[in-house]
Amino acid sequence: MTKKLIDIIAGARPNFMKIAPIIHAIDARQTEGGPLRYRLVHTGQHYDEKMSGTFFRQLGIPNPNINLEVGSGTQAQQTGAIMIGYESLLLEHTADLCLVVGDVTSTMACSITAKKLNIPLAHVEAGIRSGDVTMPEEINRMVTDAITDYFFTTSEIANENLRGMGVAKDKIYFVGNTMIDTLLSNMARLTPPPFWDEFGLKSKKYFVLTLHRPANVDSNDAFARMLKAVAIGTRGEPVVFPVHPRTAKTIREGTAVPANLLLVDPQPYLEFNYLVKNARAVITDSGGITEETTVMGVPCMTLRNSTERPETVSIGTNDLLGVDPKALKPALDRLFAGQWKRGSIPPLWDGKTAARIVHALELILVK
Ligand code: UD1
């Protein structure tokens with residue numbers, strides 16, 4: 001029997017922890033004679049060692065079979081370059097299914113390309129919505145889900161969103177969260193970063209800060225006000241701030257950075273999650289990190305007006321503070337007063353999601 005070929009697409013940092021367990025689950029099934037094989041396609045949207053290479057090594061992801069090497073650019077430049085590169089790959093050697101994860105530009109670009117060549121499309125993390133179309137990720141989610149055939153979801157809310165769009169129930173596979181598969185399987189391997197001692201960090205006596213959304217970091221003044229509010233609210237405790245390339249650009253242009261904010265490079269996976277696990281709290285504008293803090297039971301404050309992951313607020317440890325820096329101090333006061341909610345873990349975020357996905361794909365592809 002010829003094995004069915006799945007293209008697994010990865011382009012940007014948050015994709016890598018989502019594809020790793022799916023790859024491992026297909027590999028495990030292959031050793032048992034399973035019917036699937038994969039071709040790993042890296043679009044090259046993120047290309048730095050610190051944004052890409054280190055994640056492949058730490059998470060045991062094999063080298064990509066193909067790297068489209070699109071690099072940086074505007075939304076349209078990246079989308080166009082990925083579509084052209086992926087289309088020529090598919091024309092040379094087609095696939096039985098294209099599997100995309102998350103909501104980055106690579107996700108949408110490869111979805112459109114595959115679907116226009118009539119290749120079935122599976123979307124992992126389908127159905128989540130922030131309602132904020134000023135974020136490129138929301139458009140990527142809407143476009144991808146409009147043409148997806150098989151929807152793998154992380155939450156009941158995502159299922160409802162899809163049913164509301166008219167998606168047939170038998171196309172929705174509520175499987176849980178592959179990012180959490182990766183977190184749980186690496187929990188015992190988390191490791192302190194080299195600067196842990198140098199900065200004198202002590203468990204639960206420091207914060208982690210990440211900011212990279214254009215709305216928060218592209219304007220120097222607004223960004224500086226936010227950093228000042230972080231510094232005041234955290235009462236002089238160290239705030240470890242791994243700086244995304246976009247944020248680094250704004251800082252280089254002259255943002256004032258308060259002294260208790262410790263600027264470091266983007267961290268590898270094992271070091272970053274060690275920092276999160278041991279932090280007093282995390283302050284962020286990321287979406288994925290709010291899922292990880294929920295599972296680790298670490299308080300999380302999100303500096304955005306909306307979230308596509310509302311279960312991290314209703315079930316987990318996350319609170320949506322908005323983008324006004326004034327919201328930080330009262331939230332941090334609540335934290336220092338020991339009044340932060342404890343949260344619990346959403347259904348099916350149990351480390352077994354990738355196995356469920358691969359089982360479903362086998363049934364889909366091998367009828
Ligand atoms: C992308 C995702 C976002 C995700 C984020 C995580 C989209 C629309 N957004 O945003 O959802 O949260 O990744 O990191 O896909 N750069 C480098 N080195 C790299 C990659 C990028 O220096 O390896 C620079 C680029 O030149 C650019 C900036 O970082 O100036 C942003 O990169 P880009 O790929 O446009 O999107 P992100 O903001 O990282």
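Count residues from 1 along the sequence. Values below: every heavy atom of this structure, side chains too, minus hydrogens, waters and symmetry copies. Ligands are counted one by one from 1 in listed order, and the atoms in each one are counted from 1 as well. Everything quoted here is computed from the prediction, not taken from an experiment.
- Close approach to Met51 involves these atoms of ligand 1, each under 4.0 Å from a residue heavy atom: 14 (O), 19 (C), 23 (O).
- For atom 29 (O) of ligand 1, the closest non-hydrogen atom on the protein side is Pro245 CB, 3.4 Å.
- Looking from atom 5 (C) of ligand 1 to the surrounding protein, the closest heavy atom is His212 NE2, 3.7 Å.
- The protein non-hydrogen atom at the shortest distance from atom 26 (O) of ligand 1 is Ser72 OG, 2.5 Å.
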Query raised in the report: Taking it one step at a time, do Thr312 and Asn318 satisfy side chain to side chain donor-acceptor pair (under 3.5 Å)?
Result: CA-CA 5 Å; Thr312 63; Asn318 185 24; 3.0 Å; yes
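- The nearest protein heavy atom to atom 12 (O) of ligand 1 is closer than 4.0 Å.
- Other residues, nucleotides and ligands place more than 12 heavy atoms under 6.0 Å from the NZ atom of Lys204.
- Annotation: atom 20 (C) of ligand 1 to nearest protein heavy atom, His46 CD2, 3.3 Å.
- Checked against the 6.0 Å centroid criterion, the rings of His359 and Tyr173 do not qualify as a close aromatic pair.
- Taking the six-membered ring for Trp and thresholds of 30 and 60 degrees, Trp196 and Tyr274 have ring planes more than 60 degrees apart, a perpendicular arrangement.
- Side chains of Tyr47 and Asn67: a donor-acceptor N/O pair is absent below 3.5 angstrom, by distance only.
- Distances between N or O atoms of Tyr47 and those of ligand 1 include at least one value under 3.5 Å.
- Closest approach of Asn65 and Leu40 over heavy atoms only: OD1-N, 2.7 Å.
- The nearest heavy-atom contact from the protein to atom 8 (C) of ligand 1 is Thr105 OG1, 3.2 Å.
- Of the protein's non-hydrogen atoms, Pro14 CD, 3.6 Å is the one closest to atom 6 (C) of ligand 1.
- At a heavy-atom distance under 4.0 Å, no atom of Lys50 approaches ligand 1.
- The nearest protein atom to atom 18 (N) of ligand 1, hydrogens excluded, is given as Asp48 OD2, 3.0 Å; this is a heavy-atom distance.
- Classification of Asp48 and Arg13 as a salt-bridged pair fails, no side-chain N sitting under 4.0 Å from a carboxylate O.
- At a heavy-atom cutoff of 4.0 Å, ligand 1 is contacted by no atom of Lys249, backbone or side chain.
- Glu92 CD: 12 or fewer foreign heavy atoms inside a 6.0 Å radius.
- At the top of the distance list for atom 9 (N) of ligand 1, counting protein heavy atoms only, stands Glu137 OE2, 3.1 Å.
- Aromatic ring centres of Phe56 and His42: separated by under 6.0 Å.
- Considering both main-chain and side-chain atoms, His244 comes within under 3.5 Å of ligand 1 through a nitrogen or oxygen pair.
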